[in-house]
Amino acid sequence: MTEVRQKMIVANWKMNGAFDMAYSLLEEVLDGTRNLDRVDIVICPPYVYLHYVAQLIAANPRVSLGAQNCSEHSAGAYTGEVSSSMLKDAGCKYVICGHSERRQYHAETDAEVARKTVATIEQHLAPITCVGETLEERQSGKTRMVVERQIDAVLERCGRELIDQVTFAYEPVWAIGTGRSATPDEAQDVHRIIRTRIGGLSERAAASCKILYGGSVTGDNAAAVLSQADVDGCLVGGASLKSAQFIEICKAAV
Ligand code: PGA
């Protein structure tokens, strides 16, 4: 049985934004995507803008709020951290877990990313858990090994009961912010590896889990990557800050 997975386009603003920028960007994006009801759109601004963005998108049920990170802990003496229950309070539906910039600059390990994924699910939020190899790993033929290792940590922690609640994002590190996107075939190959790995734990989850592609997605290349069988959407960084680009990407997903 083939399952129809509605496409999802996620805007990862990273550490960009301001109140007035959020207002004008969202005004354009909401207007430009008004008639697109067959795509799930998720906006992930920095923490301080979450509540504000929640208000701006409130009247648009097809647009949801997401956070870029969360703590693996539920509360306590963790200065500067934000828990998944707080994100829920702020109106989030999604949380990006284990983005490569978190892995790289904040030393997040596979195990920690898996714990964050579960902490998110425990608050009835949906994790978007990222995996992906570096350029060096790809060039030395280690892509499959690295991605499977990252996926296995999540599969192990979630188990069969929770795994179908995870959305995965394949984000090759060499493609992020470089202008050099993976080709549609390169993306499809790794997405297939990921889906097959999920299938080793749960066939049902393999059929239903969304796997997004991220890394230099633009209005020009989105349609080609989205046409691949195992690509269920995109995680968009730079192009999510430009309304015209982001709208094009959302249109390509319908
Ligand atoms: P990019 O970033 O679209 O700017 O390459 C993607 C990401 O890091 O999620």
Side-chain angles (χ1 to χ4, degrees), residues 7-17 21-22 25 29 33 39-47 49-50 53 63-70 92-108 113 116-117 120 126-135 137-138 143 146-147 150-151 154 166-184 186-187 190-191 194 210-226 228 231-253:
K7 298 254 190 305
M8 179 190 285
I9 303 295
V10 182
N12 175 12
W13 288 4
K14 308 194 180 185
M15 200 174 73
N16 295 292
M21 170 275 202
L25 178 60
V29 166
T33 59
V39 54
D40 295 323
I41 300 172
V42 183
I43 308 290
C44 303
Y47 285 148
Y49 304 120
L50 283 172
V53 170
V63 182
S64 309
L65 188 66
Q68 298 174 14
N69 179 36
C70 76
C92 287
K93 249 176 95 175
Y94 294 90
V95 181
I96 298 173
C97 299
H99 189 280
S100 68
E101 286 149 16
R102 302 288 320 169
R103 293 178 188 261
Q104 188 181 350
Y105 305 132
H106 301 273
E108 287 191 11
V113 172
K116 288 184 177 202
T117 301
T120 299
I128 299 169
T129 299
C130 304
V131 299
E133 81 288 3
T134 62
L135 183 61
E137 288 162 343
R138 171 161 284 259
T143 299
V146 169
V147 169
Q150 293 169 333
I151 292 287
V154 179
V166 182
T167 290
F168 289 93
Y170 169 54
E171 296 212 304
V173 178
W174 48 270
I176 296 177
T178 59
R180 184 186 158 201
S181 176
T183 65
E186 284 170 336
V190 180
H191 282 230
I194 294 171
K210 291 184 199 196
I211 307 175
L212 314 181
Y213 167 76
S216 296
V217 175
T218 64
D220 294 332
N221 62 26
V225 76
L226 284 164
Q228 299 297 310
V231 177
D232 305 310
C234 295
L235 179 47
V236 186
S240 75
L241 300 168
K242 300 178 192 124
S243 58
Q245 282 285 317
F246 190 68
I247 292 163
E248 277 310 300
I249 296 168
C250 292
K251 285 184 178 164

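Scope of the values below: all heavy atoms of this structure, side chains included, with no hydrogens, waters or symmetry mates. For ligands, and for the atoms within them, numbers begin at 1 and follow the listed sequence. Position 1 is the first residue of the sequence; numbering continues from there.
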Would you mind listing which atoms of ligand 1 come within a distance below 4.0 Å of any non-hydrogen atom of N12? 9 (O)
One finds that the ligand 1 atoms under 4.0 Å from a non-hydrogen atom of H99 are 7 (C), 8 (O), 9 (O)
Check whether any heavy atom of G214 sits under 4.0 Å from an atom of ligand 1. no
Against heavy atoms of G215, which atoms of ligand 1 measure under 4.0 Å? 5 (O)
Over 60° means perpendicular and under 30° means parallel, so classify the ring planes of Y213 and H191, tilted if in between. tilted
What residue and atom, counting heavy atoms only, is the protein's closest point to atom 9 (O) of ligand 1, and at what distance? E171 OE2, 2.8 Å
Looking only at protein heavy atoms, identify the closest one to atom 4 (O) of ligand 1 and say how far it is in Å. G238 N, 2.8 Å
Counting distance only, does the side-chain N/O of N12 pair as donor-acceptor with the main-chain N or O of G237 below 3.5 Å? no
Run the side-chain hydrogen bond (donor to acceptor under 3.5 Å, both in side chains) test on H99 and E171 for me, step by step, so that the C-alpha distance in whole Å, both residues' side-chain angles and the decisive distance to 0.1 Å come before the verdict. CA-CA 8 Å; H99 189 280; E171 296 212 304; 3.1 Å; yes
Spacing of CZ belonging to R102 relative to NZ belonging to K116, to within rounding of 0.5 Å: 5.0 Å
Please determine if T178 has a nitrogen or oxygen closer than 3.5 Å to a nitrogen or oxygen of ligand 1. no
H106 side chain vs E108 backbone, donor-acceptor pair below 3.5 Å: no
For atom 2 (O) of ligand 1, which protein heavy atom lies nearest, and how many Å away is it? K14 NZ, 3.3 Å
I'd like the name of whichever of G177, A239, G237, S181 reaches closest to atom 5 (O) of ligand 1 through any heavy atom. G177
Just how far is it from atom OG of S100 to atom CH2 of W174, taken to the nearest 0.5 Å? 12.5 Å
Minimum side-chain heavy-atom gap S64-Y94 below 4.5 Å: yes
Ligand 1 versus A175, non-hydrogen atoms closer than 4.0 Å: side chain, backbone, both, neither? backbone
